[in-house]
Amino acid sequence: MSKKVRLRFAPSPTGGLHLGGVRTVLYNYLFARQHHGDFILRIEDTDQSRYVPGAEEYILDCLAWCGLNPDESPLHPGAYGPYRQSQRKAEGLYLQYAQQLVQQGHAYYAFDTPEELEEMRTHYKTAENPSPQYNHVLRTKMKNSLSLPAEDVQRLLDAGTPHVIRIKVMPGEEIHFTDLIRGDVTFSTNGVDDKVLLKADGMPTYHLAVVVDDHLMEITHAFRGEEWLPSAPVHILLWRHLFGEDKMPRWAHLPLILKPDGNGKLSKRDGDRLGFPVFAMNWKDPNTGEMTKGFREMGFLPESFLNMLAMLGWNDGSGQELFTIEELIQKFSLERVHKGGAKFDFEKAKWFNHEWIKRLPVTHYQGQVQSYFQAAGIDTAKPGAPRLDSVLELVKDRCHLLTEFVQQSGFFFQAPDPATIDLSPVRPKWNEAKQQFFIELLNQLPFIKTWDAPTLEKEFKEMAAAAAIKPGDLLLPLRLMLVGGKFGPGVFDIAALLGPQETIHRIRQVLGLLRA
RNA sequence: GCCGCGUUGGUCAAUCGGUUAAGACGCCUCCCUUUCACGGAGGAAUGAGGGGUUCGAUUCCCCUACGCGGUACCA
C-alpha cells in the first residue's frame, strides 16, 4: 500500500499572488485531485523583514476565487500543523534538526557578521568569479566552528554571539535526482555553497524549512518554479542527512512564465507597462497604498483564468484547448508539461475568457456583471427595464471581458442622451420620406400585438415596402435612436427587449432632433 | 565567470526516426450580417547554427550560439 499523495503550495506572504503562482497551485491541485490526495497550503513566512500584513489572507481569497481550496491550511488545519513556518519555528521544530546536523558533522556554526560576509565577497571577487561562494574552500578563511578552535567556538556560543548554522557541503560528489518534468538532473557539489540553514534570529531559511516541513507533513510530490532547480542539491543533501533520500518527495520543476516582449520572468511591472494584470486579484500594497489590478477585477472568469493557465505549459496532445476543471483533473499529466518557459499572451487570455463567457450560462456571472453596472452608475433593476439575464444572453457573443458588458449593453438600462448621439452617419441622407416613415412607425407601434423581434421586423419591413424605402436605409437611423451608436445586437432584438413604451420613447426623442 | 535548465511560425504549440511539419491566438482576404460582433471559407508565417548516428532526422548524440534561472542570514 503506497502512501497517500500529498502536495503543498508554499508561498511567502509578501505581496500579490502572481499568475505563475496560481499555475503552480493549479498543477498541485490537479495532481492531488487526480490521485485522490491532499492539497495543502503552507505559509513560508520565515523572513520577518518581508512580512506584509494581509498578504496571507489575500492568498486564501485568491485560491477561493479560483476554487482551488486547500484541504489543509492555516485556516483549516489538518493533522500536520501548524501551517505557518513562523509558528513552527516557535515550536522549535527547526532548531533541533539544525543541531542534529551539526552533531552529525553535516553542518556548522558560523559567526561571520553581514559586514564580514560583504567584505569576503568584495575581497575575493575577481573577473572570473564575480560571486564568490561561502563554500568548502572559503569556509576555512571565515569565522566558524570548522576554522576556529573548539574552545573559541564554545566561548562564542556561551557568550551568545549571533551565529547561523550552515550546511557543510563536501566537494567532489555528483548529486543527481529525477525531476518529474526534466528527467535526470545532475549537479556537482563543487558548485554548491554552504547555505545558511538557520538564521541568526533562529528562523530557518527556506532550504531547511522546506525539507523539514515536507517531511513532517508527509509531502509526496513537490512542484515549484524552475528558479528553484539550482538549490535542489542542497535539499537533497538535507534529505539524505536528516530523513533519508528515499523518503524525499518527487520533485517537479515547472517552467517559467515569461514576459510577452523580450525575455525573462513575467513581473508585475510588465503588466503595468503593457496594460494587463499579473496578479489573480486586485492587490493593494499596505505600505505604499499602491493598487495593482487583478484578473478578477479586470473581468476574468475563474474558469477561463484557470483554463488559460493550465494551457500555459501543458496540453493533452489532442489539440483541445477548452477544459473544465474536471477534465483537467482527469487529463493533466506531468509528462506533458513543457520544459521550456512560455511567454504570456494577453490576447489569448482574452480569447479563453470570451469562450467561457459564451459557454457558461449568464446566470453564472450575472452577479459580477451586475457589480460592474453598479460601479458605472447604471441601475439594471429599475421598473420597466429589461431582464438582465436576457440582455446578457443577447450580447455575450461580443464580450471578451466581463467588464465589456457595460459598454455593450448599458443602453438597455440607460437611454442614450439624444443630444449626444452622433447623427452624422444618417443626417446627410435624411429626407422627408424617412421622416414620414418614422412618424408612421410611431403611430403603428402601439398596435403591434406580439412584441417580439420577428414580428417587429416583419411589420417594419412591410411598412418600408409600403413607403418604397429600402429597409437598409432605415435600419441605421433606428439603431442610432435605440442604441445611440453603431454597435450592439440586431435592432429588432433590441427593440423587443426594450419593450413598446421605451422603444417608442427613444424613437420620438431622436426624431425630433433629425427634423431640425 | 561558474553551475543548471531551455531553444518548432509573432505567440501558445502537436510530432515520441519516414507527415504536404497539426491545431489555436493574433494578422490578412472573402462570405454571412443593410451596425459591431459571432459564425463560416481561405491565406501569409515555423524546426537557432554546425557536426555526427542512420537508408532516412524537427525527432537520438556532440559542439557552438543564444535565452533564461541561480550564484543572499529572499523566497
Side-chain angles (χ1 to χ4, degrees), chain A residues 10-14 44-47 49-50 85 110 112-114 117-118 121 125-135 162-166 179 181-182 185-188 190-193 195-207 209-210 224-233 253 255-256 258 260-265 308 311-322 335-336 338-352 354-355 358 395-400 408 425 470-476 478-480 483 485-491:
Chain A
S12 68
T14 52
E44 308 241 345
D45 55 350
T46 55
D47 187 359
S49 65
R50 295 213 304 165
Q85 288 179 335
D112 317 276
T113 65
L117 288 173
E118 187 52 38
R121 291 196 180 97
K125 180 168 14 176
T126 61
E128 300 78 48
N129 183 11
S131 9
Q133 296 186 312
Y134 200 122
N135 61 11
H163 62 275
V164 301
I165 293 179
R166 285 179 181 272
D179 185 277
I181 294 173
R182 288 148 213 283
V185 183
T186 311
F187 297 88
S188 161
N190 294 349
V192 180
D193 61 338
K195 287 262 183 276
V196 170
L197 264 21
L198 203 72
K199 308 186 219 182
D201 65 1
M203 278 288 193
T205 58
Y206 171 81
H207 306 294
V210 74
R224 64 196 345 180
E226 187 185 351
E227 67 268 31
W228 287 108
L229 204 42
S231 57
H253 290 88
L256 266 17
L258 280 12
D261 56 342
N263 295 298
K265 276 200 287 190
M308 178 271 294
M311 301 306 289
L312 220 48
W314 173 87
N315 69 82
D316 77 340
S318 74
Q320 181 180 348
E321 291 192 282
L322 267 15
E335 302 74 56
R336 295 200 62 89
H338 263 79
K339 296 180 178 70
K343 291 185 181 179
F344 177 67
D345 181 355
F346 189 52
E347 290 306 316
K348 185 84 185 229
K350 285 200 290 194
W351 176 80
F352 275 108
H354 187 203
E355 293 302 315
K358 286 190 288 180
V395 302
K396 67 178 185 179
D397 279 356
R398 53 200 76 208
C399 296
H400 285 70
Q408 286 296 335
K470 282 187 294 183
D473 292 342
L474 299 164
L475 252 20
L476 190 57
L478 181 58
R479 170 174 298 281
L480 256 23
V483 177
K486 294 175 69 173
F487 66 96
V491 250

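These numbers were taken from a predicted model, which means no experiment stands behind them. Chain letters run A, B, ... following the sequence lines, proteins first and then strands; every chain starts at 1. Hydrogens, waters and symmetry mates are skipped; everything else that's a heavy atom, side chains included, is used.
Glycosidic conformation of B:C32: anti, with the torsion beyond 90° of 0.
Between B:G39 and A:Lys358, a contact under 4.0 Å exists linking OP1 or OP2 to a side-chain N or O. The shortest distance between the side-chain N/O atoms of A:Asn190 and the OP1/OP2 oxygens of B:C3 is not below 4.0 Å. Of the side-chain N and O atoms in A:His253, none sit less than 4.0 angstrom from OP1 or OP2 of B:G6.
Across the protein-nucleic acid pair, A:Glu347 atom CD and B:G26 atom C1' stand 7 Å apart, rounded to whole Å. Here the P atom of nucleotide B:C3 and the CG atom of A:Asn135 are 14 Å apart, to the nearest Å. The NZ atom of A:Lys348 sits 13 Å away from the P atom of B:C27 (whole-angstrom rounding). When the P atom of B:C5 is taken as reference, atom NE2 of A:His338 falls 18 Å away, rounded to whole Å. Regarding A:Gln408, its CD atom lies at a distance of 15 Å from the P atom of B:U35, rounded to whole Å. Whole-Å rounding puts the A:Lys339 NZ to B:U58 P distance at 19 Å. Regarding A:Met308, its CE atom lies at a distance of 15 Å from the C1' atom of B:A24, rounded to whole Å. Summarising the geometry, the separation between CG on A:Asp473 and P on B:U35 is reported as 12 Å, rounded to the nearest angstrom.
A gap of 15 Å separates the C1' atoms of B:C12 and B:A45, to the nearest Å. Annotation: B:G40 and B:A24 have their P atoms spaced 10 Å apart (nearest Å). Atom C1' of B:U8 sits at a distance of 7 Å from the matching atom of B:U58, rounded to the whole Å. Nucleotides B:G4 and B:U64 are separated by 13 Å at their P atoms, to the nearest Å. Rounded to whole Å, the P atom of B:C2 lies 41 Å from the corresponding atom of B:U19. Separation of the C1' atoms belonging to B:U15 and B:A22 is 8 Å when rounded to the nearest angstrom. For the C1' atom pair drawn from B:G43 and B:G26, the interatomic distance equals 14 Å after rounding to whole Å. Rounded to a whole angstrom, the distance from the C1' atom of B:U59 to that of B:C16 is 7 Å.
A salt bridge links A:Glu321 with A:Lys348: the distance from a Lys NZ or Arg NE/NH1/NH2 to an Asp or Glu carboxylate oxygen falls below 4.0 Å. Between A:Lys195 and A:Asp193 there is a salt bridge, since at least one side-chain N of the basic residue sits less than 4.0 Å from a carboxylate O of the acidic one.
Nucleic acid contact for A:Gly225: none, since no nucleic acid atom lies under 4.0 Å from a heavy atom of the residue. Base engagement by A:Gly472 is indicated by at least one non-hydrogen atom pair under 4.0 Å involving a base atom. Using a 4.0 Å heavy-atom distance criterion, A:Val491 is classed as making no nucleic acid contact. Counting any heavy atom pair closer than 4.0 Å across all strands shown, A:Thr14 reaches no nucleic acid atom.
Atom NZ of residue A:Lys486 and atom CG of residue A:Leu480 lie 8.5 Å apart, to the nearest 0.5 angstrom. Note that CD of A:Glu44 is 11.0 Å distant from OG1 of A:Thr14, once rounded to the nearest 0.5 Å. Interatomic distance, A:Thr126 OG1 to A:Glu128 CD, rounded to the nearest 0.5 Å: 4.5 Å. The line from NE2 of A:His400 to CD of A:Gln408 is 10.5 Å long, rounded to the nearest 0.5 Å.
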| said: Using a 4.0 Å heavy-atom cut-off to protein, can you give one letter per nucleotide of nucleotides 66-75 of chain B, 5' to 3': B if the base is in contact, S if only the sugar-phosphate is, - if neither? | reply: -SSBSBSBBB
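In terms of position along RNA chain B, the nucleotide closest to A:Trp314 lies nearer the 5' end than the nucleotide closest to the other residue of the pair A:Trp314 and A:Ser318. Heavy-atom distances to RNA chain B give each of A:Pro130 and A:Leu475 a nearest nucleotide, and the one nearer the 5′ end belongs to A:Pro130.
In the set B:G4, B:C38, B:U35, the nucleotide with an atom closest to the side chain of A:Arg479 is B:U35. Here the nucleotide nearest the side chain of A:Arg336, chosen from B:U15, B:G39, B:U11, is B:U15.
More than 12 heavy atoms of other residues, nucleotides or ligands lie within 6.0 Å of NZ in A:Lys358, so this atom counts as buried by the packing criterion.
Between the side chains of A:His253 and A:Arg182, no donor-acceptor pair is found at a separation under 3.5 Å.
Searching all strands for a Watson-Crick or G-U wobble partner of B:G23 with both distances below 3.5 Å returns B:C12.
Proximity of A:Tyr206 to A:Thr46: side-chain heavy atoms (C-beta onward) are nowhere separated by under 4.5 Å.
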